[in-house]
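For reference, the structure is listed below as structure tokens.
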Amino acid sequence: MAAQQSQSIQTLLEAEKDAAKVVQQSRQYRVQKLKDARAQASKEIEEYKKTKEEEFRAFEASHAGNTQTAQVQVDKDTQIKLQEIADAYNKNKDEVVGKLLDRVVLVKPELHRNLRKVEH
């Protein structure tokens, strides 16, 4: 009976060792799967980044020409407006100077309106 118990205990110990090995292998397998999943996710992220960067570069290249042509158009419009302002200045400067001189030189002295009210 003691020999049978000893053999049963030995069998249990071996089964426990086998179970510990299976648990250890499962842990290693799980850790390896996590590493693989992280590596795969990193790879997918990099591929996605590259794709989006290429799309952005293509978008930027297609719209860069529009920006340059818009800038050229804005520059032309600005030059036209500046020329219109310069023309208006040259056309009206003599008249404006004449009006200013008339106001400064031709002064009609008269009493201030508040002072006139006091005298009445």
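Computation of the quantities below employed the complete heavy-atom set of this structure, encompassing side-chain atoms and omitting hydrogens, waters and symmetry-equivalent molecules.
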Checklist line | Chi angles and distances behind the side-chain hydrogen bond (donor to acceptor under 3.5 Å, both in side chains) call for Asp36, Gln32 | finding: CA-CA 6 Å; Asp36 292 345; Gln32 186 61 41; 3.0 Å; yes
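Separating the CD atom in Glu14 from the CD1 atom in Ile9 is a distance of 12.5 Å, to the nearest 0.5 Å. In this structure, the separation between CG on Leu12 and CD on Gln7 is 11.0 Å, given to the nearest 0.5 Å. The OG1 atom of Thr78 sits 9.5 Å away from the CD atom of Gln73 when rounded to the nearest 0.5 Å.
Partners of Gln24 under the side-chain hydrogen bond (donor to acceptor under 3.5 Å, both in side chains) rule, at least two apart in sequence or in another chain, do not exist in this structure.
For the pair Glu53 and Lys49, the salt-bridge criterion is not met [side-chain N within less than 4.0 Å of a carboxylate O]. A salt bridge is defined here as a Lys NZ or Arg NE, NH1 or NH2 lying under 4.0 Å from an Asp or Glu carboxylate O, and Glu47 with Lys43 fails to meet this definition.
Each of Ile80, Asp87, Ile85 was checked for a side-chain contact (heavy atoms from CB on, under 4.5 Å) with Gln83, and the lone residue meeting it is Asp87.
Side-chain N/O atoms of Gln79 and Asp75 include no donor and acceptor closer than 3.5 Å.
Between Lys52 and Tyr48 the shortest side-chain heavy-atom distance falls below 4.5 Å.
Counting heavy atoms of neighbouring residues, nucleotides and ligands inside a 6.0 Å radius, atom CD of Gln28 exceeds 12 of them.
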